[in-house]
Every structure is written in structure tokens, then in C-alpha cells.
Amino acid sequence: MSDPFDDFPGFEPAAPRAGGGIAACALAAMHGGAPDFLSALNPEQRAAVETTEGPVLVLAGAGTGKTRVLTARIAHILAQGLARPHQILAVTFTNKAAREMRERIGALIGGEAEGMAWLGTFHAISTKILRRHAELAGLKSNFTILDTDDQIRLLKQVLRAENIDEKRWTARTLAFLIDNWKNRGLSPKTVPAGEAGAFANGKGGALYALYQERLKILNAADFGDLLLETLRVFRENPDVLREYQGRFKYLLVDEYQDTNAVQYLWLRLLAQRQAGAANEITPAQKPNLCCVGDDDQSIYGWRGADVDNILRFEKDFPGAKVIRLERNYRSTGHILAAAAHLIAHNRDRLGKTLFTDGEDGEKPEVSGVWDSEEEARVIGEEIEQLQRKGHSLDQVAILVRASFQMREFEERFITLGLPYKVIGGPRFYERLEIRDALAYLRCTAQPADDLAFERIVNTPKRGLGEASLQIVHDHARRQRIPLMQAARILIETEELKPKQRSTFRALLSDFDRWASQIGQKPHHELAEQILEESGYTDFWKQDKSAEAEGRLENLKELVRSMEEFPDLGAFLEHVSLVMDADAADGGERVSIMTLHGAKGLEFETVFLPGWEEGLFPHQRSLDENGRAGLEEERRLAYVGVTRARRRAKIYFATNRRIHGLWQTTTPSRFLDDLPAAHVQVTENRASGSGYGAYAQSRFANMDAFGSRYDTPGWKRAQQNGPGGRAPRTIEGEVLGKSSPGSAFSPGDRVFHLKFGPGAVAAVDGSKLTIDFDKAGRKLVLDSFVEKKSS
DNA sequence: ATTGTTGAGCTTTTT
DNA sequence: GCTCAACAAT
């Protein structure tokens with residue numbers, strides 16, 4: 001992404017480096033002239049930077065230099081010697097944002113940015129804290145972080161163990177609920193009874209508790225836990241909290257409008273600064289908390305973000321200074337006017353009006369087309385025209401509301417031979433081959449990682465199917481030990497078929513060998529070796545399908561990226577939190593992405609297709625969240641328009657295929673929210689569609705479309721009544737206790753599920769030698785046999 | 001253990 | 001109407 005303020009004019013990175021950036025900057029300040037990073041700011045920005053003490057809310061409209069203020073503020077604090085780098089807590093939402101911030105601070109003050117140990121995402125910082133105090137949360141400090149996939153798998157196990165009909169109550173639904181609770185800071189104990197009861201006939205809360213229990217056994221935390229458990233540690237251990245409160249002299253938060261309840265609580269705890277030393281009687285200090293955000297760009301309400309946090313800031317932090325950044329450096333006048341007029345239709349906002357000193361430029365253009373196919377064709381043509389005029393394709397983006405819209409553009413661009421890139425497809429680390437490879441590494445580094453083990457035990461296929469895994473599973477559950485450990489015991493006995501037994505033995509000795517090499521050889525070489533020796537690379541080499549090559553490429557990329565980390569542990573840590581490989585692809589390309597994905601970016605030319613009722617605003621948003629939903633959709637429209645520097649082109653199609661059926665659509669009400677004076681409505685697409693009338697009537701009758709949206713036929717009967725059949729209360733199987741002294745003695749009559757009845761011949765710990773009536777003498781584990789009472 | 005068939009769902013997505 | 005996942009059948 002390119003930002004006109006990426007570089008601070010006049011700043012010479014090479015000049016003052018001796019003795020560290022801080023001293024040099026401080027020196028510059030003393031010599032009368034302000035440091036360059038200050039003098040390059042406008043008055044409001046400068047106020048936001050220099051108001052270092054007390055709570056500050058910076059309302060930074062789109063394109064007003066938000067990141068610039070944040071980075072300059074940190075540079076300023078450091079240059080003034082107000083705090084050391086490790087005393088500043090700077091929180092972002094995405095790793096990308098954190099990375100960018102670090103780079104830009106580095107550009108301002110040099111290597112000192114390296115010392116900012118507490119610059120990162122909410123999750124990364126929480127992880128760091130939680131690892132230090134893991135035992136206070138019932139974890140070990142090397143706990144694994146589960147991603148969504150692992151989470152679902154684990155929940156499936158819980159549901160299965162509880163005999164819950166997985167058809168009716170899916171693991172995904174439960175995951176969604178639990179995530180929601182965690183986002184709101186609710187533990188199994190504090191979930192409101194009504195909500196907990198809504199799932200699986202009243203078992204929702206219990207399932208949440210069981211899931212948490214399983215996580216602890218696995219020594220694992222999901223994303224939600226990272227914050228929630230840290231919060232719990234803070235609440236239950238005032239001394240720990242105090243330590244961090246004292247540590248952070250300055251707190252900064254980016255994109256404050258996106259914070260959810262846990263993040264808010266987490267932040268508020270840290271911001272409650274106690275008076276420094278115990279002997280001072282000064283009242284609790286006001287926190288040096290600076291939150292930067294834009295209520296008009298809050299588009300993540302659906303995943304728990306609470307705009308209220310930003311709207312409430314002044315109440316939460318009395319005496320807070322609110323600074324508005326309204327001078328826009330990005331877009332031309334007409335675009336800005338259109339965006340401002342659009343967003344003014346929202347009721348719940350703090351209110352801000354962007355302005356620019358720049359030229360008016362071209363008016364945003366609204367065009368109607370017959371259907372989505374024509375839409376793609378027309379946009380393709382326009383892009384080709386821009387290209388012919390010498391515009392860079394990197395400066396062109398198509399921003400869609402929903403990802404299914406992307407395909408039509410891709411297809412069109414392929415036939416045109418127009419280079420494009422889809423942003424926000426499946427992330428690198430979510431790809432199958434990467435997840436598999438990581439599972440191998442996880443098993444090597446963390447032998448107790450059951451989910452990883454399960455993933456790769458039969459990948460590539462090695463004949464360890466459902467049946468044999470089930471045996472290992474049973475044993476592991478009964479003994480409450482990790483799968484790998486269970487397998488280790490089982491290969492000493494005859495529970496498994498000889499073939500599986502030797503396969504397991506080979507696999508385990510592979511892992512042993514790899515594990516013994518940790519620290520012995522560079523971890524990326526070890527990774528390569530693991531992938532090679534496990535047969536995983538060969539597995540893809542033999543795959544003839546089209547993707548196989550790309551997958552091997554990705555695996556190489558994975559190994560390459562490991563070199564940047566000090567050791568395997570650090571790499572795995574990073575990967576579970578991040579891992580977006582912005583593959584540096586050569587050549588200019590048009591970007592195709594969702595509106596959500598476009599936040600924070602900017603382009604010369606932005607195409608905004610699909611402005612139709614039902615799609616944008618999305619019907620589901622309206623159905624589920626009413627006016628709040630509509631307003632969030634409108635903010636999304638605002639985000640879309642404000643991505644454009646010089647050209648914004650909006651489209652609506654008369655016909656669109658929705659869930660397979662062609663439907664006639666109505667132009668989006670957001671089109672009515674655009675000011676006539678700043679918008680160009682064109683009818684030049686002469687393909688015999690009925691949009692001409694729209695163009696004539698729309699400004700005459702503002703409410704033409706506003707009041708009549710009816711629920712389309714595809715609206716689903718959403719409420720499955722609470723009825724249904726009675727809950728099945730069969731508890732999960734009673735777990736056999738691992739009795740230290742064996743409950744068996746020679747001569748006992750026993751029954752084995754597979755081998756049938758027999759008599760114990762000898763006992764060796766948990767291993768029994770049994771003479772089976774039919775199967776002969778076998779070595780089995782005591783947990784697999786039942787003693788016959790008589 | 002692979003291959004075919006049926007059925008549900010279908011907005012946005014980070015960590 | 002299309003896709004993916006879960007089950008059944010070979």
C-alpha cells in the first residue's frame with residue numbers, strides 16, 4: 001500500500017544515528033527547531049502527538065494521517081525521554097498494522113524501535129503476558145494456540161462425548177457461541193443462563209465448561225482465551241496486574257472503534273494506573289492512554305467490536321481530550337463530499353466532516369448495468385482504458401461486498417488477459433499443506449499436541465486408519481495421556497495389528513529422532529528434513545493435480561520463512577498468531593477484494609460494484625441487526641468510497657443471480673444517500689436495461705427506494721423452534737481410573753472386546769499377558785479388558 | 001481406503 | 001444452482 005505520508009519530508013535517516021536516535025532527536029529539539037517528525041504535522045495532528053499526558057481520543061477520519069500521528073507520538077515520547085521503548089504499550093488489531101507501525105517508527109528514530117517489546121496485536125501481547133503467568137490460568141507456559149480449525153475439531157469431540165446430535169447442534173454453531181461469549185468477556189460461570197440454555201437443550205453452558213476443561217488438559221488456548229485468560233489473571237492476581245500497570249507509562253491503541261468487550265476490559269485494567277510508589281499519596285493518576293480510531297469506519301460489529309467503546313470514551317476516562325482529524329490528504333473534493341454526505345445519514349456517530357484543500361477532481365460516477373456479467377465486462381473495459389492511458393494497475397481496485405462477487409471479475413479478467421490479484425483468499429497458514437507441515441513440526445516440538453498428531457498420523461497415507469486410531473484414542477482417553485504417549489505404550493502390546501504396530505513404531509521413532517535434533521541443527525533444515533523423511537514432500541510430488549506444484553512451492557516458502565526466527569518454538573508461536581505471506585508477485589495487478597479487506601488501503605481508482613438492495617446493504621445485516629446493521633453497512637459504503645484518491649465508480653445491476661436464481665434487484669438505498677451535486681449518474685451503458693428511469697427519478701424522489709424493501713424469497717426460516725425431542729442425558733463413558741497397582745492378578749477371568757474371554761497369565765504393571773480361549777496368548781493393556789466378576 | 005451420493009447452507013474475518 | 005462436507009458403498 002502506498003500512502004503519501006509514508007516518508008516524512010525532509011527527514012534524513014542517515015544523519016543523526018550516532019549514539020542512538022533518541023539522543024540525536026532530543027538534541028534536535030533543543031536546538032530550537034522541532035524535530036522533523038513534528039514540524040511536518042498539521043496543528044491538530046501535532047496536538048495529538050504532543051498531548052502526551054492524560055487520556056486522549058483521536059478521531060481520525062479516513063485519510064487524515066492516523067498512522068502518522070501514532071508513530072510520531074511514539075517517536076516524540078521517546079525523543080523527549082518520557083519513557084523507554086519497553087515502557088510503551090502500543091496495540092493494534094492486525095499483525096500487518098503492527099509490522100507497519102514498527103517499520104515507520106524505525107524510520108523516524110532508528111534502531112530504538114527494536115526495543116519496543118510491547119508493540120503488537122492484542123493477541124500477541126496477551127500471549128506474551130499469559131506465557132509468563134500461565135500457571136495462574138491453569139496452563140503451562142508452552143501452551144499451544146489453537147486456530148479455528150483445531151477448535152472445531154475439539155468441539156466435535158466434546159459434542160460426541162456428550163452424545164449430542166451433531167446434525168442439529170453443530171460444532172460450528174457452538175464455536176460461534178463460545179467465541180461470542182469470550183469476546184464479551186464471559187467465562188462458563190458468567191454466561192447468562194438464558195444464552196447458555198439456548199444450545200442443545202440447555203447444555204450450552206456445560207459444553208462451554210467442558211470445552212475449557214479439555215483445553216486445559218491439552219495445555220491449549222484458543223484465540224479468545226488469549227485475552228480472556230489474561231484478563232482473568234489480571235483480575236485474580238492484583239500483584240501481577242500492578243506489575244504491568246506500573247510497567248506501561250504510555251498506552252496507545254490503534255483502530256479503537258474495533259475493540260470488543262474483552263479488549264476494552266483488558267485495556268481499562270491496564271490503564272488504571274495506581275499511584276507510582278506506595279509512599280506517595282497522590283490520587284490515582286489519569287492514564288496516559290491514547291486511543292485512535294474512527295467511529296465512521298467501524299465495520300466489525302458482527303465479530304464483537306463495540307462502537308460504544310469509542311462513543312463512550314469521554315465518560316470512561318474523565319478529562320479526556322478529544323482531538324478531531326478532519327483534514328483529508330487522500331481524496332479529491334467531490335469524492336470527499338459524496339462520502340461525507342453518505343455517512344451523514346447515520347445517526348449513531350460522533351460527527352466529523354472531512355475536508356480537503358485539494359482540487360475537486362472527477363465526480364464519483366454511478367452507472368447502472370443489466371446484470372452482473374455486464375458489470376464485469378464494463379469494468380474490465382474501463383480498466384483497459386485506464387491502462388491504455390498509462391495508469392498503473394496497482395492503483396486500481398475492485399471492492400465487493402461479498403466474496404462470491406469476485407468470481408465473475410476473475411473470469412472476465414482471465415479472458416481479457418488482465419492481470420489481477422485476489423486479496424484475502426485463503427490465508428497462507430490456513431492452506432492444507434501448510435497446516436499439515438506445521439502439524440509435523442508441532443508434533444516434534446510439542447509431543448502432547450494431540451490435534452496436530454491426529455492431523456498427520458495418516459497423512460500421507462500409511463495405513464493408520466480410523467480403526468487403529470480409535471484404539472489409541474481409547475487408551476489415551478482412559479489414561480488421560482496424550483495420543484503419542486498412548487501409542488508408545490500400545491506398540492509394546494498386541495492390541496494393534498502387527499502391521500499397524502510397526503508403522504506406529506516407525507513413526508514414533510521418526511519423531512524421536514527429529515525431536516533429538518532440535519537445537520542441534522538449524523530449525524529450517526530440520527523442518528526440511530522432517531518433511532522429506534516423513535514422506536510428505538513425496539506425497540505432493542506424486543500428486544498429479546494442478547495444485548500440487550503450488551503446494552510444494554508453499555512448503556518451500558514455509559521453510560524459507562523459518563529462517564527469520566531464532567528457533568522452532570519462536571516460529572511456531574509466530575505462526576499460530578500470524579503468517580500472512582504477502583507473496584511478492586512481480587508485475588502490476590488490479591486488486592480484487594472485499595470492502596472489509598480494503599480498510600486502511602487506498603487506490604487512485606476504485607470500482608464499487610453491486611450496489612443493490614439485498615446485497616449492499618446486505619439483507620442479512622438488516623434482518624439480524626436492524627438499524628444498527630444498516631448503519632454498519634453504510635459505514636462500509638463510506639469506507640469503500642473513501643478508499644479512492646481520484647476516481648470512484650459505483651455500479652448497480654438490474655439483475656443478479658442470488659443463490660442460483662436470477663432476481664431483479666433494486667438499486668441500493670445508499671445511492672440515494674449520495675449528494676446529487678457531487679455525483680455523475682451515467683446512462684452510457686446502452687444495453688437496453690431499465691435503469692434509465694432510475695437515473696431520472698432518483699434525485700427527484702429521494703425516498704423512491706428507501707421504504708420498500710421486502711424480505712426476499714430466500715430468506716430462510718431461521719428459527720428452529722426450541723421444541724424437539726427430549727435431551728439425551730447419557731453421560732460420556734465413565735472413564736476408567738488409571739489404577740497404579742494393577743487391579744488384575746494371575747488367574748483372573750477377563751473379557752477383551754477383540755480377543756474375547758481369557759485368563760490372566762501374568763501381570764507387568766499395566767501390561768497383562770493373557771491366555772485367550774480362542775486367540776491364544778497375547779500381551780494386552782489392562783484398560784482394554786474387563787474383569788469378569790465371578 | 002478410495003469413490004460416489006446426498007443434503008445443507010449461502011456476508012463480512014482477525015487473531 | 002453450486003460447493004463442500006459427511007456418510008455409504010465399492
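No hydrogens, no waters, no symmetry mates; every other heavy atom, side chains included, goes into these values. A note on names: the letters A, B, ... follow the listed sequences, proteins ahead of strands, and every chain is numbered from 1.
Taking every side-chain heavy atom of Arg657(A) into account, dG1(C) is the closest of dT15(B), dT11(B), dG1(C). Taking every side-chain heavy atom of His659(A) into account, dC10(B) is the closest of dT13(B), dC10(B), dT15(B). Residue Thr594(A) places its side chain closer to dT12(B) than to any other of dC2(C), dT12(B), dT11(B). Picking from dT13(B), dT15(B), dG1(C) the nucleotide with the shortest atom distance to the side chain of Arg303(A) gives dT13(B). Residue Lys461(A) has its side chain nearest to dA1(B) when only dT15(B), dT14(B), dA1(B) are considered. For Phe223(A), the side-chain atoms get nearest to dT15(B) when compared with the rest of dT14(B), dT3(C), dT15(B). Candidate nucleotides dT15(B), dT11(B), dG1(C) were compared by shortest atom distance to the side chain of Asn95(A), and dT15(B) ranks first. Nearest nucleotide to the His596(A) side chain, out of dG1(C), dT12(B), dT11(B): dT12(B).
As a whole-Å value, the separation of Arg635(A) CZ from dT12(B) P is 18 Å. In this entry the distance linking CG of Leu661(A) with P of dC10(B) reads 16 Å, nearest Å. Here the C1' atom of nucleotide dG1(C) and the CH2 atom of Trp662(A) are 12 Å apart, to the nearest Å. For the pair Arg634(A) CZ and dT12(B) C1', the computed distance is 18 Å after rounding to whole Å. Atom C1' of nucleotide dT15(B) and atom CH2 of Trp266(A) are separated by 13 Å, given to the nearest angstrom. In this structure, Asp222(A) atom CG and dT13(B) atom P are separated by 21 Å, rounded to whole Å. Here dT15(B) presents its C1' atom at 15 Å from CD of Glu255(A), a figure rounded to the nearest Å. As rounded to whole Å, 20 Å separates atom P of dC2(C) from atom CE of Met406(A).
At a cut-off of 3.5 angstrom, the base of dT12(B) holds at least one donor-acceptor pair with the side chain of Arg401(A).
Each of Phe122(A) and Leu464(A) lies near DNA chain B, and the nucleotide nearest Leu464(A) is the one positioned closer to the 5' end. Along DNA chain B, the nucleotide nearest to Phe404(A) and the one nearest to His123(A) differ in position, and the one closer to the 5' end is contacted by Phe404(A).
Lys599(A) has no side-chain polar atom (N or O) that falls below the 4.0 Å cut-off from OP1 or OP2 of dT12(B). Residue Arg620(A) places at least one side-chain N or O under 4.0 Å from the OP1 or OP2 atom of dT11(B). In terms of phosphate contacts, Thr121(A) brings no side-chain nitrogen or oxygen within less than 4.0 Å of OP1 or OP2 of dT14(B).
Ring geometry for Trp266(A) versus Phe234(A): interplanar angle of 30 to 60°, hence tilted. Using the six-membered ring where Trp is involved, Phe453(A) and Phe504(A) have ring planes that are parallel, under 30° apart on the 30 and 60° scheme.
Salt-bridge formation is not detected for the pair Asp294(A)/Lys66(A): no Lys NZ or Arg NE/NH1/NH2 atom is positioned less than 4.0 Å from an Asp or Glu carboxylate oxygen. Glu632(A) and Arg635(A) are joined by a salt bridge, as a carboxylate oxygen and a charged side-chain nitrogen come within less than 4.0 angstrom of each other. Note on Glu373(A) versus Arg412(A): no salt bridge recorded, every NZ/NE/NH1/NH2 to OD/OE distance being 4.0 Å or above. Lys182(A) and Asp222(A) are joined by a salt bridge, as a carboxylate oxygen and a charged side-chain nitrogen come within less than 4.0 angstrom of each other. Here Asp150(A) pairs with Arg442(A) in a salt bridge; the nearest charged N to carboxylate O distance falls below 4.0 Å. Remark: Asp296(A) does not engage Arg634(A) in a salt bridge, criterion side-chain N to carboxylate O under 4.0 Å.
The same atom, P, is picked in dA5(C) and in dT12(B); the two are 16 Å apart, to the nearest Å. Comparing the same atom, P, in dC4(C) and in dT11(B) gives a spacing of 15 Å after rounding to whole Å.
For the residue pair Asp147(A) / Gln151(A), no side-chain donor-acceptor distance below 3.5 Å is found, with atom types taken as modelled.
Within residues 139-155 of chain A, the residues approached by DNA chain B to less than 4.0 Å at the level of any non-hydrogen atom are Thr148(A), in residue-number order.
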Dump the pairs, protein N or O against N or O of nucleotides 4-6 of chain C, anything under 3.5 Å, distances to one decimal.
unit_1: dA6(C); atom_1: OP1; unit_2: Lys156(A); atom_2: NZ; d: 2.5

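For the atom pair CG (Asp449(A)) and CG (Asn219(A)), the distance works out to 9.5 Å, reported to the nearest 0.5 Å.
Residues that satisfy the side chain to side chain donor-acceptor pair (under 3.5 Å) test with Thr415(A), not counting sequence neighbours, are absent from this structure.
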